[in-house]
K.L.:
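Quick one: the structure is below, and I'll ask about it shortly.
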Amino acid sequence: QRSGSVTNQDGKTARRDSVRTTDKAAGTSTYNRTTTGPEGKTATATSDSKKNADGTISTEGSRTGFNGKTSTFANTTTKTEDGRATTGTVTGPDGKTAATSSAVSQADGQTTKTQTATGPNGQTTERVVTSKANGDGTATRVIQVTNPDGTTSTRTETVKVEVTKP
């Protein structure tokens, strides 16, 4: 069980609570997360994962956004030398499917996650999140998004995670 909050550069705070249940012998896990935004609206995500014979992890799940609309996803994750790589699909509430990929790497105390999504129209969006722990129990995240038209936006967040024991 984990709980944490994020405060962005505008001083707005969101909260995330999650629970992961793992059956190591069966090679399965379930995950449930609730995120409460600064205005009190909630978003939820649930997933089921299974370790495959080849060592990859297959995950299927759904996410209901702050707007109440639900998307589903399926992906496969492979370990890499310095992290992991994931490929899959997301099907939106309108039935349209996007191809997704992400790569997570760790080096010099910093974690970098690069995510891409290519929609049914062939347009791609990329999101890069770089996180580094601070000495005060927080981490600084820099999030850069590159839109299909090439424009970019960058924001910085300070994240504090409080781990609660069941």
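Please read all numbers here as calculations on a predicted model, not as lab measurements.
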K.L.:
Which ILVMFWY residues can you reach from F73 by hopping between side chains whose heavy atoms are under 4.5 Å apart?
P.N.:
V90
K.L.:
Taking side chain to side chain contact (heavy atoms under 4.5 Å, CB included) as the test, write out the residues that go with K69, two or more places apart.
P.N.:
N67, P93
K.L.:
Can you sort out the partners of T13 under side-chain hydrogen bond (donor to acceptor under 3.5 Å, both in side chains), two or more places apart, ordered by chain and number?
P.N.:
T7
K.L.:
Quick one: pull up CD in Q1 and OG in S18 and give me the separation to the nearest 0.5 Å.
P.N.:
8.0 Å
K.L.:
Just verifying a value: how many Å separate T80 OG1 and Q106 CD, rounded to the nearest 0.5 Å?
P.N.:
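Between T80 OG1 and Q106 CD, I get 9.5 Å after rounding to 0.5 Å.
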K.L.:
Applying side chain to side chain donor-acceptor pair (under 3.5 Å) as the test, list every pair that has at least one member in residues 117-129; sequence neighbours left out.
P.N.:
Q115-R127, T118-T124, N121-Q123
K.L.:
Within this structure, what is the CZ-OG1 distance for the pair R141 and T158, rounded to the nearest 0.5 Å?
P.N.:
10.5 Å
K.L.:
Please report, to 0.1 Å, the donor-acceptor pairs under 3.5 Å made by any side chain of residues 46-65, with sequence neighbours excluded.
P.N.:
unit_1, atom_1, unit_2, atom_2, d
T46, OG1, S62, OG, 3.4
S49, OG, T59, OG1, 2.8
N52, ND2, T56, O, 3.4
N52, ND2, T56, OG1, 2.9
N52, ND2, S58, OG, 2.8
D54, OD1, T56, N, 3.0
D54, OD1, T56, OG1, 2.6
T64, OG1, T70, OG1, 2.8

K.L.:
Could you work out, with side-chain hydrogen bond (donor to acceptor under 3.5 Å, both in side chains) as the rule, every residue matching R84, not counting sequence neighbours?
P.N.:
none
K.L.:
Give the table of side-chain donor-acceptor pairs shorter than 3.5 Å for residues 94-104, with sequence neighbours excluded, one pair per line with atom names and distance.
P.N.:
unit_1, atom_1, unit_2, atom_2, d
D94, OD1, K96, N, 3.0
T97, OG1, T91, OG1, 3.1
T100, OG1, G88, O, 3.3
S101, OG, T116, OG1, 2.6

K.L.:
Does T140 have any side-chain hydrogen bond (donor to acceptor under 3.5 Å, both in side chains) partners at least two apart in sequence or in another chain, and if so, which?
P.N.:
N134
K.L.:
For residues 130-140, pull every pair meeting salt bridge (Lys or Arg N to Asp or Glu O under 4.0 Å), keeping only residues two or more places apart or in separate chains.
P.N.:
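Listed once each, the pairs would be none.
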K.L.:
Holding to salt bridge (Lys or Arg N to Asp or Glu O under 4.0 Å), I want the full list of residues that pass it with D82, two or more places apart in sequence or in another chain.
P.N.:
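For D82 there are no salt bridge (Lys or Arg N to Asp or Glu O under 4.0 Å) partners, ignoring immediate neighbours.
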K.L.:
Indicate every side-chain donor-acceptor pair of residues 25-43 with a distance under 3.5 Å to a residue at least two apart or in another chain.
P.N.:
none

K.L.:
From T87 OG1 over to N75 CG, what is the distance, rounded to the nearest 0.5 angstrom?
P.N.:
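Those atoms lie 7.5 Å apart.
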K.L.:
Please name all residues satisfying side-chain hydrogen bond (donor to acceptor under 3.5 Å, both in side chains) with D149, sequence neighbours left out, ordered by chain then number.
P.N.:
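By the side-chain hydrogen bond (donor to acceptor under 3.5 Å, both in side chains) rule, D149 matches T151.
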